[in-house]
Amino acid sequence: MMLVDLLACAHSLVHPGKGILAADESTTTADKRLEQFGIKSSVEMRRKERDLFLATPDIEKYLSGVILYQETLTQKSKSGKYFPKLLWEKGIVPGIKVDEGTEPMADNPDELITNGLIGLEDRVAKYHKESHTGFAKWRAVIRIDGDRLPTAQALVENAKRLATYAKCVQETGMVPVVEPEVLLEGKHSRARARAVIETTMKAVIAALEDQSLDMSGVVVKTAMALSGNKSGRKDTPEEVAEDTVTALVNSIPKGLAGVVFLSGGQTPDQATENLRAIAHYAAKAGAPWPMTFSYARALQEEALEVWRGKEENVDAARDIYMSRLEKVFNAARGA
Ligand code: 13P
């Protein structure tokens with residue numbers, strides 16, 4: 001893919017209203033999620049789960065892209081087609097998670113660093129050439145603990161790795177989806193989450209600029225500014241929208257291709273209503289880049305609950321999934 005295609009791909013990913021399904025749970029996380037819904041996991045069960053979400057007719061009305069895990073690249077849908085090909089035929093860009101998960105930092109084991117730079121160039125080139133992936137995601141994880149965490153060291157080190165991965169992905173001709181996730185876990189206030197998102201994003205943007213990334217071909221994936229899940233505080237969508245958009249406008253430059261949100265442990269309804277309020281506030285505040293969703297849990301959990309791994313529940317599970325996609329699509333457009 002040449003640079004012009006890369007830019008077209010970046011723009012198509014943040015096409016107004018449409019968004020990205022994050023179906024890139026690692027094998028361990030996918031198994032945990034399946035077991036949570038009483039589904040016994042196996043390679044074949046994970047393939048069936050992917051088929052449930054990727055082969056649903058008409059998802060292209062709502063989805064511009066799907067992030068896949070490496071196992072899924074070489075699995076086939078019930079129709080006999082490889083999943084990436086199935087997506088391309090629907091006009092949906094398949095992407096790939098290229099980080100290899102997190103581990104505690106050597107100097108501060110309360111914080112996490114993301115691995116995956118070793119051998120990255122070869123892996124990225126292979127995914128692009130053999131599976132025709134158009135974009136690649138790397139997730140860094142930032143923990144909040146009062147004023148103690150995150151440390152500057154964790155922010156700088158994670159930002160450096162994000163920028164190194166992003167440069168490698170862009171040079172291969174794919175779009176980097178750069179994800180520094182500030183976690184919801186903790187007792188912190190929404191104001192603290194907003195400040196941490198802003199500081200984190202500034203560190204990431206500075207690192208991307210250091211690597212001379214073409215920002216018009218970069219998508220950033222972020223959490224929303226929410227009170228910690230142990231704070232006892234429930235934010236209104238308007239509060240979330242104001243703090244989230246302000247943090248992002250203060251830290252992300254104008255030329256970026258777009259911003260997408262993770263759902264990060266919000267209920268499907270919260271992730272929908274907060275996104276709608278964000279779309280309204282962003283229009284009012286004149287946010288300079290398109291914003292949309294890139295949810296995993298908020299798009300999939302209602303359907304998994306209905307599906308429970310059983311063939312006879314596929315249609316009902318797909319109905320509830322499509323209904324959630326439509327709600328989130330409308331929310332992203334502020335409708
Ligand atoms: P959630 O929407 O479940 O937070 O997942 C999105 C994601 O891609 C996390 O890396």
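Remember, it's 1-based here, ligands and their atoms both numbered in the order they're listed.
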Residues Q211 and Q170: side-chain donor-acceptor under 3.5 angstrom: no
Determine whether the side chain, the backbone, both or neither of A22 has a heavy atom under 4.0 Å from any heavy atom of ligand 1. side chain
Assess, by modelled atom type and distance only, whether the side chains of S77 and S79 contain a donor and an acceptor separated by less than 3.5 Å. yes
Tell me which protein heavy atom sits closest to atom 5 (O) of ligand 1, plus the residue, atom name and distance to 0.1 Å. A296 CB, 3.2 Å
With the threshold set at under 4.0 angstrom, would you say G264 reaches ligand 1 through any of its heavy atoms? yes
Shortest non-hydrogen contact from T151 to R148? CG2-O, 4.0 Å
Taking both backbone and side-chain atoms of A298, is any N or O found less than 3.5 Å from an N or O belonging to ligand 1? no
Using distance alone, determine whether R297 and ligand 1 share an N or O pair under 3.5 Å. yes
Any chance the side chains of D107 and Q153 put a donor and an acceptor closer than 3.5 Å? yes
Got an N/O contact under 3.5 Å between E181 and ligand 1? no
We want to know whether N330 and R333 form a side-chain donor-acceptor pair, criterion being a heavy-atom distance below 3.5 angstrom. yes
Do you see a donor-acceptor pair shorter than 3.5 Å between the side chains of S263 and R297? no
Does some side-chain heavy atom of F83 sit less than 4.5 Å from a side-chain heavy atom of D51? yes
Candidate with minimal heavy-atom separation from atom 8 (O) of ligand 1, of R139, E301, K221, E179: K221
Ranked by distance from atom 1 (P) of ligand 1, the top protein heavy atom is S263 OG, 3.4 Å
Nearest non-hydrogen protein atom to atom 10 (O) of ligand 1, with distance, is K137 NZ, 2.6 Å
